[in-house]
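To keep things clear, I will list the structure first and then write my remarks on it.
Worth saying up front: this structure is predicted, and the values here are computed from it rather than measured. Order of the sequence lines fixes the chain letters, A, B, ..., with proteins taken first and strands second; residue numbering starts at 1 for each chain.
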Amino acid sequence: MTNQNGRFGIHGGQYIPETLMNAVIELEEAYNHYKDDPAFNAELTALFNEYAGRPSRLYYAEKMTKDLGGAKIYLKREDLNHTGSHKINNVLGQALLAKKMGKTRLIAETGAGQHGVATATAAALLGMECVVFMGEEDTIRQALNVYRMRLLGSEVIPVKTGTATLKDAVSEAMREWTSRIADTHYCLGSVMGPHPFPTIVRDFQAVISREIKAQLMEKEGRLPDAVIACVGGGSNAMGSFYHFIEDKGVRLIGCEAAGRGIDTFETAATVNTGKLGIFHGMKSYFCQDEYGQIAPVYSISAGLDYPGIGPEHAHLHDIGRAEYVPVTDDEAVDSFEYLSKTEGIIPAIESAHAVAYARKIAPVMNKDQIIVITISGRGDKDCAAIARYRGEDIHE
Amino acid sequence: MSKIREAFDGKKAFIAFITCGDPDLETTAACVRAAVANGAGLIELGIPFSDPTAEGPVIQGANLRALTGGVTTDKIFDMVRSLRQDVTVPMVFMTYANVVFSYGAERFLSTCNEIGMDGVILPDLPYEEKEEFLPLCHTYGVNLISLIAPTSENRIAMIAKEAEGFLYIVSSLGVTGTRSEIKTDLKSIVEVVRQNTDIPCAIGFGISNPDQAKKMADISDGAIVGSAIIKIIEKYGKEAPAHVGEYVKEMTEGMKIS
């Protein structure tokens with residue numbers, strides 16, 4: 001799907017300072033060399049299976065299916081991976097690649113802390129130094145993950161600039177990379193940023209849809225009717241969609257964080273409220289004002305609180321291959337509680353956005369239809385914040 | 001011939017960077033006039049951006065203060081219109097790709113032409129992406145300034161061959177901001193540049209004192225100073241123009257321009 005110059009339709013590209021150009025070219029060359037290298041892939045597969053616990057389960061949510069009374073619902077359990085989310089897939093791939101490139105230090109941005117924890121984990125495992133940039137606001141919302149990263153031996157740098165959230169953490173990680181390139185790999189956490197990151201991250205996350213396809217074939221002997229995943233930058237969604245893109249009968253649905261609603265300023269629903277722009281190394285859709293100033297977005301979910309979306313998603317939207325729908329804080333919190341009570345699975349608040357949309361469409365679908373929801377992460381990290389949202393003050 | 005060349009005609013150029021609207025546009029205009037009166041040969045006007053990823057803390061702060069103060073691209077165009085009634089030195093905009101893109105590249109660049117801006121510097125538009133704006137830059141006679149970094153190595157010749165206006169050589173790794181020492185082997189970079197183009201080249205990032213400026217101008221055609229000026233504006237606010245003038249005088253005298 002990636003064009004020669006790292007484009008997905010009109011989106012993507014490499015809008016970065018000259019200082020970083022040779023670094024991304026070096027990364028692209030290394031990736032092209034290793035992606036088809038049997039030894040590299042054997043090593044990565046061993047890490048996926050033995051260390052991260054893959055393949056993740058495709059679980060038939062029978063109670064939820066009965067309760068909604070429509071389509072049959074399966075949950076792709078990325079929350080069961082080591083470190084508790086899909087982020088480990090990409091991180092193990094990139095960390096291994098960086099190590100092969102001779103890099104000794106990883107830097108990363110993080111929103112909810114899941115990507116930071118995954119990067120810190122891979123760094124510990126592979127004996128690399130690790131520095132994670134995290135918006136100061138998010139270090140407060142996700143204090144437990146800050147502790148986890150430090151426990152794993154990483155340095156966590158709170159970012160105070162701008163809105164002190166995910167976009168500022170990305171900016172600061174990019175700044176750090178321009179100052180130290182020789183020994184450092186920027187382990188970007190989503191299908192965004194300059195080429196080749198959107199392609200590399202997608203390929204490492206594509207294991208999700210590869211497994212869904214095989215597992216569902218085994219259980220049901222057919223493809224799903226819809227695949228639903230939450231979208232911030234869009235890595236778990238891209239991973240969940242990728243191997244279904246050519247299967248036109250499969251609806252691909254990305255759930256954006258609408259925050260308090262797409263008719264308010266407190267939203268992070270990029271496709272639904274943003275416009276075409278150039279930021280963080282890529283051309284894509286961004287929430288911005290009429291002069292191109294990036295908007296201070298909002299969502300209850302720190303992981304979806306980002307003003308842009310990966311360029312391949314922007315392209316899938318343009319060509320009508322995937323749908324991007326807004327889901328509000330209220331709907332997500334309600335589904336966070338719903339899945340906990342109905343299936344005994346506490347989803348990440350990010351993933352709860354996907355659950356919420358499935359609850360809207362499943363009842364109006366036929367009983368012989370199948371929905372797969374990707375549960376991108378587990379919700380332990382969110383319990384304190386959701387309790388606060390419900391007016392209950394608990395201490396972690 | 002590009003008007004930008006005038007800044008380097010038979011002399012070394014002192015290039016002053018000022019973020020528009022910090023603390024307000026009247027002060028910006030007065031700082032520009034003070035810099036020009038004291039020997040600045042070229043002015044870089046920064047259009048603030050919410051997320052300036054190539055800037056260090058000093059210029060990030062200026063961007064934030066300017067945006068908080070309500071400055072917009074249109075208001076900056078108006079300021080330039082009035083500056084151009086008496087300021088004749090070449091001037092270029094320095095901003096981020098999204099500011100130009102979202103305004104509408106054609107609308108932005110045709111306005112540059114109309115108000116007398118001679119070029120644009122976009123630090124997030126490398127060689128590989130310059131086609132995004134280059135054709136329209138040519139249509140409207142606005143030079144798209146290319147940058148060369150310490151990591152450019154095998155890319156220097158390719159960039160220099162197609163460069164226009166002047167070449168901006170980034171002195172150090174990292175973001176903008178003053179540095180006590182510049183370690184990059186800039187002489188070798190300039191040598192490769194000279195072999196591939198005859199347009200002037202100036203060095204920026206990290207320069208704050210006359211001694212550094214002289215050294216940089218000795219090995220190239222000029223020195224670009226941003227953060228050191230922004231620090232003065234941050235410190236003195238509306239009273240900054242006189243102090244900026246004094247500083248520029250010290251720098252240009254050190255470089256033996258004035």
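Chain A is approached within less than 4.5 Å, heavy atom to heavy atom, by B:Leu173, B:Gly174, B:Val175 from residues 171-202 of chain B, ordered by number. Of residues 68-78 of chain B, those residues with a non-hydrogen atom less than 4.5 Å from any non-hydrogen atom of chain A are, in numerical order, B:Thr72, B:Thr73, B:Asp74. Contacts between residues 107-126 of chain B and chain A, counted as heavy-atom pairs separated by less than 4.5 Å, involve B:Pro123, B:Asp124, B:Leu125, B:Pro126.
Note that the CG atom of B:Leu67 and the CG atom of A:Asp289 stand 8.5 Å from one another [nearest 0.5 Å]. Going from atom CD of A:Gln293 over to atom OH of B:Tyr96 covers 11.5 Å, rounded to the nearest 0.5 Å. Here the straight-line distance linking atom CD1 of B:Ile156 with atom CD of A:Glu18 works out to 8.5 Å at 0.5 Å rounding.
The most heavy-atom pairs under 4.5 Å with chain B, out of A:Leu276, A:Asp168, A:Leu20, come from A:Leu276. With chain A as partner, the option from B:Val99, B:Leu147, B:Asp51 having the largest number of non-hydrogen pairs under 4.5 angstrom is B:Asp51.
Contact annotation for A:Thr19: both backbone and side-chain heavy atoms come within less than 4.5 Å of a heavy atom of chain B. Only the side chain of A:Ile25 comes within contact range of chain B, with heavy atoms under 4.5 Å apart. Neither the backbone nor the side chain of B:Ile47 comes within contact range of chain A; no heavy atom of the residue lies under 4.5 Å from a heavy atom of that chain. Looking at B:Glu55, the atoms closer than 4.5 Å to chain A (heavy atoms on both sides) all sit in the backbone: N, CA, C or O. Neither the backbone nor the side chain of A:Glu176 has a heavy atom closer than 4.5 Å to any heavy atom of chain B. With a 4.5 angstrom heavy-atom cutoff, A:Tyr15 touches chain B via backbone and side-chain atoms both. Proximity to chain A (any heavy atom under 4.5 Å) is shown, for B:Phe49, by both the backbone and the side chain. When heavy atoms are compared at a cutoff of 4.5 Å, B:Pro57 does not approach chain A at all.
In B:Lys215, the NZ atom is not crowded: 12 or fewer heavy atoms of neighbouring residues, nucleotides or ligands sit closer than 6.0 Å.
The side-chain contact (heavy atoms from CB on, under 4.5 Å) search around A:Glu137 returns A:Arg141, A:Ala164, A:Thr165, not counting sequence neighbours.
Here B:Glu129 does not pair with A:Lys283 in a salt bridge; the nearest charged N to carboxylate O distance is not below 4.0 Å.
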> Going through the checks in order, is the side chain to side chain contact (heavy atoms under 4.5 Å, CB included) test met by B:Asn98 and A:Ile294?
Replying inline: CA-CA 9 Å; B:Asn98 202 44; A:Ile294 303 303; 3.9 Å; yes
> Given the rule in the side chain to side chain contact (heavy atoms under 4.5 Å, CB included) test, do A:Gln288 and B:Ser102 qualify, once you have shown the distances and angles that lead to the verdict?
Replying inline: CA-CA 9 Å; A:Gln288 53 184 312; B:Ser102 72; 3.8 Å; yes
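Using a 30° and 60° split on the angle between ring planes, A:Tyr291 and B:Tyr103 fall in the parallel class, below 30°.
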